[in-house]
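All remarks here apply to the structure that follows.
One is the number of the first residue; the rest follow in order along the sequence.
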Amino acid sequence: RSSDLSICLDRNELEKLRDAKRSRSFWRLEASQVVEHEFRVRFGHPSSYAFVQFDCSPADDLSFEARATWPPEVSMEYQNKLEIAIAEAVADVLLEGVFQHSGCTVTLMEVRYDDIGSSEAAFMKAAKSAMQSLLANKWRPVGRPQVASAL
């Protein structure tokens, strides 16, 4: 019957599917690019402003590094939360789809922060928009090396 459950996967099984997806061919950035985005909506809202700039270079696998200097009023703990939110947004955009855009190194070079308007959500939105513009650049398909299977 069509109403019968045919597949049921728990979180670990779903993660294994993602692992298999990562082993497929991927897209590699062809040339270094600088991308940035300033997210701005009505000021005064707690998620109304963020600016990010990334230096993106071709690589064999996706990596993220934060080198930006944050204003002194941003505590180290909150800075870490903001950088993790930015890294999550980078991964959300570049690792989406059947063939992931994982052939690049993404380095956060500059941020701009507003005491009232900046938040994790604002920085995620800015980073996602910057990564969308990176996707518009030239990428080339790359096959992953085949691992010999044991018989």
Side-chain angles (χ1 to χ4, degrees), residues 8-147:
C8 181
L9 302 173
D10 65 19
R11 181 183 177 95
N12 290 331
E13 292 163 328
L14 289 169
E15 286 295 327
K16 287 179 187 175
L17 291 176
R18 291 181 70 197
D19 290 342
K21 182 178 166 181
R22 286 186 202 104
S23 68
R24 295 184 187 138
S25 297
F26 65 98
W27 292 95
R28 181 186 315 222
L29 188 63
E30 285 198 352
S32 294
Q33 304 286 322
V34 172
V35 294
E36 62 186 41
H37 185 78
E38 184 173 39
F39 172 74
R40 184 187 302 233
V41 293
R42 188 184 80 237
F43 274 109
H45 186 275
S47 291
S48 63
Y49 183 79
F51 172 86
V52 291
Q53 181 185 72
F54 299 97
D55 182 18
C56 306
S57 302
D60 290 331
D61 204 3
L62 181 62
S63 66
F64 174 83
E65 181 179 354
R67 291 188 182 171
T69 302
W70 292 86
E73 65 267 20
V74 179
S75 71
M76 184 61 79
E77 180 181 344
Y78 192 51
Q79 174 183 328
N80 289 338
K81 285 182 179 184
L82 293 171
E83 289 174 352
I84 287 170
I86 292 167
E88 286 176 359
V90 167
D92 285 348
V93 173
L94 297 182
L95 298 179
E96 184 178 30
V98 175
F99 299 106
Q100 301 171 345
H101 291 78
S102 59
C104 67
T105 296
V106 177
T107 305
L108 178 64
M109 299 300 292
E110 184 181 342
V111 294
R112 293 186 202 137
Y113 177 88
D114 179 74
D115 287 341
I116 296 169
S118 291
S119 68
E120 292 171 60
F123 276 98
M124 287 183 89
K125 289 176 183 181
K128 282 186 177 189
S129 292
M131 291 301 104
Q132 290 293 337
S133 65
L134 181 64
L135 290 180
N137 289 294
K138 292 191 177 196
W139 296 77
R140 66 180 170 87
V142 175
R144 296 221 187 257
Q146 296 297 318
V147 177

Report task. Rounded to the nearest 0.5 Å, what's the gap from CD on Q79 to CH2 on W70? Could you check? Result ->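 So the gap between those two atoms works out to 6.5 Å.
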Query raised in the report: If you measure from CD1 on I86 to CG on L108, what distance do you get to the nearest 0.5 Å?
Result: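 Taking CD1 in I86 and CG in L108, the distance rounds to 5.0 Å.
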Query raised in the report: Between L62 and C104, is a side-chain contact (heavy atoms from CB on, under 4.5 Å) present by the stated rule, with each step listed?
Result: CA-CA 5 Å; L62 181 62; C104 67; 3.8 Å; yes
Are [X] and [Y] side-chain neighbours, meaning at least one heavy-atom pair lies under 4.5 Å?
{"X": "E110", "Y": "E36", "value": "no"}
{"X": "V106", "Y": "M131", "value": "yes"}
{"X": "E88", "Y": "I84", "value": "yes"}
{"X": "L135", "Y": "L94", "value": "yes"}

Query raised in the report: With sequence neighbours left out, which residue pairs that include part of residues 70-87 fulfil the salt bridge (Lys or Arg N to Asp or Glu O under 4.0 Å) condition?
Result: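 Listed by first then second residue: nothing to list.
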Query raised in the report: Would you call the rings of F123 and Y113 parallel, tilted or perpendicular if under 30° counts as parallel and over 60° as perpendicular?
Result: parallel
Requested in this report: For side-chain contact (heavy atoms from CB on, under 4.5 Å), just list the numbers for T105 and E65, CA-CA rounded to whole Å, side-chain angles, deciding distance to a tenth of an Å, and then say yes or no.
Outcome: CA-CA 8 Å; T105 296; E65 181 179 354; 5.7 Å; no
Nearest heavy-atom pair of [X] and [Y]: which atoms, and what distance?
{"X": "A122", "Y": "G117", "result": "CB-O, 4.2 Å"}
{"X": "S133", "Y": "A130", "result": "OG-O, 2.6 Å"}
{"X": "W139", "Y": "L134", "result": "NE1-O, 3.1 Å"}
{"X": "R112", "Y": "S118", "result": "O-OG, 4.4 Å"}

Report task. Kindly indicate, with the supporting measurements, whether the criterion side-chain contact (heavy atoms from CB on, under 4.5 Å) is fulfilled by L82 and V111. Result -> CA-CA 10 Å; L82 293 171; V111 294; over 6 Å; no
For residues 26-34, which side-chain donor-acceptor pairs fall under 3.5 Å, sequence neighbours excluded?
residue: R28; atom: NH1; partner: D60; partner atom: OD1; Å: 2.7
residue: R28; atom: NH2; partner: D60; partner atom: OD1; Å: 3.3
residue: S32; atom: OG; partner: S57; partner atom: OG; Å: 3.4

Report task. Evaluate the criterion side-chain hydrogen bond (donor to acceptor under 3.5 Å, both in side chains) for residue pair Y49 and E38; output intermediate values, then yes/no. Result -> CA-CA 7 Å; Y49 183 79; E38 184 173 39; 2.7 Å; yes
Report task. Evaluate the criterion side-chain contact (heavy atoms from CB on, under 4.5 Å) for residue pair E96 and D92; output intermediate values, then yes/no. Result -> CA-CA 6 Å; E96 184 178 30; D92 285 348; over 6 Å; no
